Amino acid sequence: MILHILNRPPSSSLVYRDALAAMGEDDRLLLIEDGVLGALTAQIRHFQTIEGRLFALREDLGARGLEGQCDASVQVVDVDGFVTLSEEADKTVSWF
Amino acid sequence: MILHILNRPPSSSLVYRDALAAMGEDDRLLLIEDGVLGALTAQIRHFQTIEGRLFALREDLGARGLEGQCDASVQVVDVDGFVTLSEEADKTVSWF
Amino acid sequence: MPTHAPATGDLLVILRHAPHGSSWLREGLDAALVAAAFGQAVTLLFQGDGVLSLVEGQGPGPLGQKGTAATLDMLAMYDIESLFYDQVALAGFGFAPQQLQLPATGVEAGAIAPLIAGHRLVLTF
Amino acid sequence: MPTHAPATGDLLVILRHAPHGSSWLREGLDAALVAAAFGQAVTLLFQGDGVLSLVEGQGPGPLGQKGTAATLDMLAMYDIESLFYDQVALAGFGFAPQQLQLPATGVEAGAIAPLIAGHRLVLTF
Amino acid sequence: MRYGLLVEGAPYSSQAAHSALRFATALVARGHRLESVFFYHDGVYNAARLAAPPQDEPHLYDAWCSLHAEHGTQLQVCIAAALRRGLLDPREADRHGKSGHSVESPFELTGLGQLVDLGQAVDRLVTFAP
Amino acid sequence: MRYGLLVEGAPYSSQAAHSALRFATALVARGHRLESVFFYHDGVYNAARLAAPPQDEPHLYDAWCSLHAEHGTQLQVCIAAALRRGLLDPREADRHGKSGHSVESPFELTGLGQLVDLGQAVDRLVTFAP
């Protein structure tokens, strides 16, 4: 399992498409920084193909006042969860 | 007439949509830097709504080896033409 | 309520970036505040990801980064009361106008060009 | 010719940025060259706007900026011969594989995951 | 006409400074006057006096200095953006109790008010962003 | 596990340095070892010794220094990326005939080879980009 990390939102950047195209069947995607905008219910359609493997960083949602709007299908993790995800992965790949 | 200046390509950034949405009927759009990728025939559909008012900077096309692929509907200008466009405009607005 | 923007003034600042991810929003707001302090008539347009600047409930970052919510509360003090936002972008994030932290006017795409035309100088951040 | 990428190695460098507009491409290529000089097996994947790095006829910028075309010619000297590109992206810019300045293998989206899995370290630029 | 430029990209990282310098040269050649270049956001890094680029690349810092020397263009750097990024002139270094400095003449640290003034004073203000 | 971080964003301009510091603290707290932070692209600006951010904001430079002091994490700065951006230690300043310096210990200018080594030495290398 590879952990992909994405810090840009699908509302303004198309890098999420390259990230999704590069993901294997078991890989996970963690949304951080402005990337968490993609975790909103109104934006979640962009990540349909990886349902169940999508994560978002709680601290970054919270600072933006978005925690309540995060889609139920997204697994919200704090920074310790981020570290755990990186432990469980064979490696990480950052997309920006 | 307002000169809008765009330095990101529609292949990776959606800022071009905000630029187009902000353009008045007589406004012009100049593509510079990586923005010139949008002037390629294969990308020109993104700028259909402003046909005849789309410009691209020759130096930036040339450095990337793209001058030959630039769509015929695009008016290619050198940096002097860029200055002229700015003279003719009431003001410039940069999108990035 | 959607409306065609009639605002005119000296400076239009267009804010296209979300809070926290970069310093664009803060630096754009700083420019607006300084211009207002210099007596200019300043209008703000929140466009694209920038509309999220207006959302209620923002806080500091985990290292204590200030964010920009507090700066927004200062706009009125500086007599910056001409605030517009891209209503398509706000809806695209699933927010309703009632969820904004301060009163602003929603505009459709067609209202942005007159806004730009109506100001002597336009800065985008 | 499209193929599923069988390449494995120590380092995969993914280049997603076009030449000239930023230093990402040059800095990514520099990392690849140094890793190769250190004896690592290096693979390059040109993805998205990065495919334009491979196009023939690039030159210096108007101030004399070097660009990266010359660096690409050095890859073979450093034994970096495992070169892949995103064929959908190349076609999206209207280029044919024959127009590339050096031999590289086109890959479909499905071939990128195995490429990433096959390398110990992946750096994106 | 009177022009001003607003540069917001770091040198070498993005093309912004290159584009701005090229545009500056062209507008002066066409007989316009370039009053000032204002550096904001990561553009303030253009003022780093110790920049030592490879000899086969454009020396952007020197190019800005030439622009000032030949055409009297002011090189104004937003002080708030500069301080947090480690760009201090001797006076600010002293004020913050630091030895050494990273910005010097012809670049000048100044407030955002100067950008506002510039916007009022010139006929065209053109932004070059990263 | 042994970790390395690659930081490519300028401080304050993007969230990259903030995210990297936060992640660094968390991984050390979980018992991992953070061998080194390698600064590349605009990340090299994190090494600017004169940084003077407002007092009510995180002092990123000091935070990196604390990371080094408390956990022995190396702070490695790509020398090629640094020189063109005006980040010189005393030795490079001398070599380029410039007075003063902008980088000092615990940050060290080093080659990209150190990034390659780091990638081999650690179990996880995590990139924080702008």
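Chain A is the first sequence line, chain B the second, and so forth, proteins listed ahead of strands; every chain is numbered from 1. Keep in mind that the numbers below use all heavy atoms, side chains included, and drop hydrogens, waters and symmetry copies. All figures in this text were calculated on a predicted structure; none of them were measured in a lab.
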What closest approach, in Å, do [X] and [Y] show between heavy atoms, and which atom pair accounts for it?
X: B/Ala22; Y: C/Ile112; result: CB-CG2, 3.5 Å
X: B/Asp18; Y: C/Arg16; result: OD2-NE, 3.0 Å
X: C/Arg120; Y: B/Lys91; result: O-CD, 3.5 Å

Backbone N/O of B/Ser94 and side chain of C/Thr124: donor-acceptor pair under 3.5 Å: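 Yes; judged by distance alone, with no hydrogens or angles, the pair exists.
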
Toward chain C: residues of residues 23-54 of chain B with heavy atoms under 4.5 Å: B/Met23, B/Gly24

Chain B neighbours within residues 17-54 of chain C, where any heavy atom lies under 4.5 Å away: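 Those residues of residues 17-54 of chain C which have a heavy atom under 4.5 Å from chain B are C/His17, C/Trp24, C/Gln47, C/Gly48.
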
Chain B contact via C/Leu12 - which portion, at a heavy-atom distance below 4.5 Å: neither

